[in-house]
Amino acid sequence: MSLSHIALTSGRSIELTELRMSSTYGGMLEGYPCKPVNDMKVSSLQRQAERTFPSTPVHLVPPSREYTDQTAGAFGPVEVLPSVACIGAFRSTAVAPELDPVLHRSALTVVWFQTVLDVPSGESSDLALRSIRWEELSQDYEL
């Protein structure tokens, strides 16, 4: 059973089968959002996805980064990522046309950031998420 379906810009429909969301800056006790901190958060989330879904390729959708007018600290200017960090397991039909569509599917784990706590769905999902190059990034597997 899927949580939602997303229509990619390529026309392919993918289904979200598992979703993990967390606060991007939850647990940040010291410091401020800046490039070094954000780079660590992004790579940490990507490693978490690779450990959680070891048999599926992982793709990172590069997050948007906003710069505020706050005074720069010791680690550079204030740089803010979207507030919700996401790891999603997606499935679709097989990519390879020679594979039996009844016995095969394709899969991809995606890491992305978003500003709202909504489950992405349909054509209203973020364009960066809908622009995933599924045919190049996913992996076919046998049921």
Closest heavy-atom pair and its distance - [X], [Y]:
{"X": "Ser106", "Y": "Asp140", "value": "CB-OD1, 3.3 Å"}
{"X": "Thr71", "Y": "Val78", "value": "O-CG2, 4.2 Å"}
{"X": "Pro120", "Y": "Leu19", "value": "CD-CD2, 4.3 Å"}
{"X": "Val80", "Y": "Asn38", "value": "N-ND2, 4.2 Å"}
{"X": "Ser4", "Y": "Val119", "value": "OG-CG1, 3.9 Å"}
{"X": "Ser13", "Y": "Ser92", "value": "O-OG, 2.9 Å"}

Do [X] and [Y] share a hydrophobic cluster, counting only Ile, Leu, Val, Met, Phe, Trp and Tyr and linking them when any side-chain heavy atoms are less than 4.5 Å apart?
{"X": "Ile14", "Y": "Val110", "result": "yes"}
{"X": "Leu99", "Y": "Phe90", "result": "no"}
{"X": "Leu3", "Y": "Ile132", "result": "yes"}
{"X": "Leu60", "Y": "Trp112", "result": "no"}
{"X": "Leu45", "Y": "Tyr25", "result": "yes"}

Problem - Side-chain H-bond candidate by donor/acceptor type, Arg12 with Thr93, under 3.5 Å - result: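 The criterion, which ignores hydrogens and geometry beyond distance, is satisfied for Thr93 and Arg12.
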[Y] side chain reached by [X] side chain, heavy atoms, under 4.5 Å:
{"X": "Phe53", "Y": "Ile87", "answer": "yes"}
{"X": "Pro33", "Y": "Met28", "answer": "yes"}
{"X": "Leu143", "Y": "Arg105", "answer": "yes"}
{"X": "Arg65", "Y": "Leu81", "answer": "yes"}
{"X": "Leu108", "Y": "Pro57", "answer": "yes"}
{"X": "Asp126", "Y": "Gln114", "answer": "no"}

Pairwise distance [atom1]([X]) to [atom2]([Y]) - rounded to 0.5 angstrom:
{"X": "Thr9", "Y": "Leu129", "atom1": "OG1", "atom2": "CG", "result": "10.0 Å"}
{"X": "Ile6", "Y": "Leu16", "atom1": "CD1", "atom2": "CG", "result": "6.0 Å"}
{"X": "Lys41", "Y": "Gln46", "atom1": "NZ", "atom2": "CD", "result": "15.5 Å"}
{"X": "Ser22", "Y": "Gln48", "atom1": "OG", "atom2": "CD", "result": "6.5 Å"}

Exercise for the section: Hey, can you tell me if Phe75 and Tyr32 have their rings parallel, tilted or perpendicular (30° and 60° cut-offs)? Expected result: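 Plane angle between 30° and 60°, so tilted.
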In terms of heavy-atom contacts, does [atom1] of [X] have more than 12 from other residues, nucleotides or ligands at under 6.0 Å?
{"X": "Glu30", "atom1": "CD", "answer": "no"}
{"X": "Glu18", "atom1": "CD", "answer": "yes"}
{"X": "Glu135", "atom1": "CD", "answer": "yes"}

Problem - Sidechain-backbone polar pair: Ser83 side chain, Thr115 backbone, donor-acceptor under 3.5 Å - result: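 Pair found, side chain donor or acceptor close to backbone of Thr115.
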Practice task
For Ser43 and Met40, indicate whether the former's side chain and the latter's backbone hold a donor-acceptor pair under 3.5 Å.
Solution key: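 The answer is yes, because a donor-acceptor pair under 3.5 Å joins these two groups.
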Exercise for the section: Flag the pair Lys35 and Glu79 as a salt bridge only when some basic side-chain nitrogen lies within less than 4.0 angstrom of an acidic carboxylate oxygen. Expected result: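 Here Lys35 does not pair with Glu79 in a salt bridge, since their nearest N and O are not under 4.0 Å apart.
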